Amino acid sequence: MPQGGGPLPPPKRPKLASATAPLGSAPRRAMLLAAPGPKRHTAPASSAGSSSGLDSQRRSLPIFQARGTLLGQLRSLDCAVLIGETGSGKTTQIPQYLYEGGIGRQGIVAVTQPRRVAAISLATRVSDEKKTELGKLVGYTVRFEDLTSEETKIKFLTDGMLLREAIGDPLMAKYSVVILDEAHERTIHTDVLFGVVKAAQKRRKELGKSPLKIIIMSATMDVDLFSQYFNGAPVLYLEGRQHPIQIFYAKQSQSDYLQAALVTVFQIHQEAPPPQDILVFLTGQEEIEAMTKTCRDIAKHLPDGCPQMVVMPLYASLPYSQQLRVFQTAPKGYRKVVLSTNIAETSITIAGIKYVVDTGMVKAKKYSPESGLEVLAVQRVSKAQAWQRAGRAGREDSGLCYRLYTEDEFEKFDKMTIPEIQRCNLAGVMLHLLALRIPNVLTFDFMSKPSPEALQAAVEQLALLGAVERKDDQLILTPLGRKMAAFPLEPKFSKTILMAPKFHCTEEILTIVSLLSVDSVLYNPPSRRDEVQAVRKKFISSEGDHITLLNIYRAFKNISGNREWCKENFVNSRNMMLVSDVRAQLRDICIKLSIPLESSRSDTGNIRRCLAHSLFMNTAELQADGTYATTDTHQLVAIHPSSVLFHCKPACVTYNELLHTNKCYMRDLCVVDADWLYDAAPEYFRRKLRAAKN
DNA sequence: TGACCTGAC
């Protein structure tokens, strides 16, 4: 099993905080990690101490020494790239320095975050440090929550929120500075924002308006790319407070990473004193549940003198109450072992982790524009991801990371994870860019360009939905497309809502679309499968998953949505609450757009007709041999086991998405009439038929 | 016939 290796070579990084480095001298990311910083609270954050304590804490941050130099630089620059290790305090301090230094006072300083919790907790922290009430000088805006006012000068928001704001204000006129934080994560929203803020800055300059300052903040990665993209912007380095991490590699290549993980966990467990906790990175729910069971079984029969063990699974679809357990400290004499997906890489930070076991594997989505297929596959992590995982071991003290692959194997990993924008369907992004009135969306200035095929496929999908048209060789939004862009939804779902009045079922479609646009409300613990099936029976509709979900939502509303009911019915109450919020938001947008709101009540036929008319490009038909083939490209597909139609064989179905895992599965199915499809898009099917003949 | 990495508007 993994042995040897040894500590990492000493880090080569620039010494001085805020020294300007020439291009191309990116620091090597070797030594990692972190001090307890005021960021990424997922566990309930305790309120900070006395205000004088806060002041001294602010002054003791490494960044404080560099304050003067930093302000001098930022004052004169249009764009800057700021590289700071975790614990440098950059996210909480830079916005305050700018404000205190009178930079950008004529407008608001925006700080974006990929996650809601981060935006909220950072705003809370900074308003505490400024000794002001949250929502006054310092505020935040995330979906469903806007805690800002006329006085707000420092505003934390999710990157998706800033992007949505930009539709109404492409010049971002109210902002004087935009800080894009966690840029190295390269979420799809951050990547689109790069181009949008760059365009806004340029346009404001051309129009002689007040300048827009752009600051990109990142961990020590991708510096050259960021700097080049922002016209050679200078790179400023900040020191963090980091604890050393020792890295151990496997001596030999491991054929079975699960077995290797198991052996490593128990080897650590027998040798290390408690309560030093272990975090293991695995790939998915099923694997984690199985490994949890195995570990618990083995832990029952440990030799005398060996500490006890508590084993906890962690993945996103786990109910919130169970997720919270990973934050509890293990009882005395026990060691905590957390088995997690990549949710523990960035979204959830667990205190007290001393050991990280990295299988080097991750389950991730890829998108193939040729087939239009999303492929979910277990694959190797990137080097950057492996460093991120290792870093989770040293948040309070020095740590150890066991990599279940050899150093040679590691060297062959990709340097960076492919940015999301190159891995997903771009229809939503294209619609958003068109709504921003970007002159030519096909040549939009992306930092990492998606393939021309992916861009083309997205535009074709929008054309099929009737959202775009060509005018004087320019692609523009149709009136329908503009309405679609008003909804925070995938374009096909926006279209479904806009079709609903024709079928007098807008209320029901709003419910269904809301249910489909958040994480599943259904909780399926593998160990209690029979129970789940039994309680779910009463909701199941032979018409498919959409109507079944509608039944569940109606039942939830009938008992006015209590938690107990959710628990009994294996419904994720947190996601169900979110569905209510989303639905209310979508309904408001409908009212603003003067869309008539009618209910079809018990007439589910109309609902299914509406779905057929908007999802006609996502349909499959039963073949003579009992398999399914998609109507458009005759791709062989199968009904996903999670569907209520799994054991049925309807002649014709629409589906929300295809997902390729072991097979090519249709997910979320609705039984439809083949005739409806032809009525919905006669031209489309005539074209497909012609293409099939040739 | 047998299964869903993670965020976000």
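For the numbers below, each heavy atom of this structure counts, side chains included, while hydrogens, waters and symmetry mates do not. Note that the structure is predicted; figures quoted are calculated from it, not measured.
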Colleague: Tell me whether the side-chain N/O atoms of A:S642 come closer than 4.0 Å to OP1 or OP2 in B:dG2.
Modeller: no
Colleague: Pick base, sugar-phosphate or nothing for A:R116, based on heavy-atom distances below 4.0 Å to the nucleic acid.
Modeller: sugar-phosphate
Colleague: Starting from C1' on B:dT6, measure out to CG on A:L282 and report it in whole angstrom.
Modeller: 15 Å
Colleague: Would you mind reading off the distance between A:F281 atom CZ and B:dT6 atom C1', rounded to a whole angstrom?
Modeller: 12 Å
Colleague: Can a cation-pi geometry be assigned to A:R392 and A:W387, taking NZ or CZ under 6.0 Å from the six-membered ring centre and within 45° of the ring axis?
Modeller: no
Colleague: Select one nucleotide: of B:dC9, B:dT6, B:dA3, the one nearest the side-chain heavy atoms of A:Y665.
Modeller: B:dA3
Colleague: Which nucleotide in the set B:dC9, B:dC4, B:dT1 lies at the smallest distance from any side-chain heavy atom of A:M161?
Modeller: B:dC9
Colleague: Could you check which of B:dA8, B:dG2, B:dA3 has an atom nearest any side-chain atom of A:H640?
Modeller: B:dA3
Colleague: Whole-Å distance between B:dC5 P and A:I343 CD1?
Modeller: 12 Å
Colleague: I need the CG-C1' distance between A:L578 and B:dA8, as an integer number of Å.
Modeller: 10 Å
Colleague: Name the residue closer to the 5' end of DNA chain B, choosing between A:L314 and A:P488 according to the nucleotide with the nearest heavy atom.
Modeller: A:L314
Colleague: Could you check whether A:R529 gets within reach of a base, just the sugar-phosphate, or nothing at all, counting any heavy atom under 4.0 Å?
Modeller: base
Colleague: Given B:dC9, B:dC4, B:dT6, which nucleotide is nearest the side-chain atoms of A:R143?
Modeller: B:dC9
Colleague: Tell me which nucleotide among B:dC4, B:dA3, B:dG2 gets nearest to the side chain of A:H647.
Modeller: B:dG2
Colleague: Using 4.0 Å as the upper bound for N to carboxylate O, is an ion pair formed by A:K363 and A:E287?
Modeller: no
Colleague: Could you check whether A:R116 pairs with A:E145 (Lys NZ or Arg NE/NH1/NH2 to Asp/Glu carboxylate O, under 4.0 Å)?
Modeller: yes
Colleague: Base, sugar-phosphate, or nothing for A:Q585, non-hydrogen atoms under 4.0 angstrom?
Modeller: nothing
Colleague: Is any side-chain nitrogen or oxygen of A:T158 closer than 4.0 Å to OP1 or OP2 of B:dC9?
Modeller: yes
Colleague: For A:Y315 and B:dC5, are the ring centres under 5.5 Å apart with planes inclined under 30°?
Modeller: no
Colleague: Of all the choices, B:dC4, B:dC5, B:dA3, which nucleotide is nearest to the side chain of A:N524 once you look at every atom?
Modeller: B:dC4
Colleague: If I take atom CG in residue A:L193 and atom C1' in nucleotide B:dC9, what distance separates them, rounded to the nearest angstrom?
Modeller: 11 Å
Colleague: Expressed as a whole number of angstroms, how long is the span from A:E185:CD to B:dG7:C1'?
Modeller: 9 Å
Colleague: Classify the nucleic acid contact of A:A638 as base, sugar-phosphate or nothing, counting any heavy atom under 4.0 Å across all strands shown.
Modeller: nothing
Colleague: Below 4.0 angstrom from OP1 or OP2 of B:dC5, is there any side-chain N or O of A:T283?
Modeller: no
Colleague: Rounded to the nearest Å, what distance is computed from the CG atom of residue A:L318 to the P atom of nucleotide B:dG7?
Modeller: 12 Å
Colleague: Under the rule syn = chi within 90° of 0, otherwise anti, which is B:dC5?
Modeller: anti
Colleague: What do the steps show when you test A:R186 against A:T417 for side chain to side chain donor-acceptor pair (under 3.5 Å), and what is the final call?
Modeller: CA-CA 9 Å; A:R186 303 296 302 274; A:T417 309; over 6 Å; no
Colleague: Which one, B:dG7, B:dC5, B:dC9, comes nearest to the side chain of A:I188?
Modeller: B:dG7
Colleague: Looking at B:dT6, B:dC4, B:dG2, which one has an atom nearest to any side-chain atom of A:K663?
Modeller: B:dG2
Colleague: For residues A:A119 and A:Y140, report the shortest heavy-atom separation together with the two atoms involved.
Modeller: O-CB, 4.1 Å
Colleague: Are any side-chain N or O atoms of A:R423 and backbone N or O atoms of A:I418, one a donor and one an acceptor, separated by less than 3.5 Å?
Modeller: yes
Colleague: Once you round it to whole Å, what is the distance between P of B:dC4 and CG of A:N656?
Modeller: 17 Å
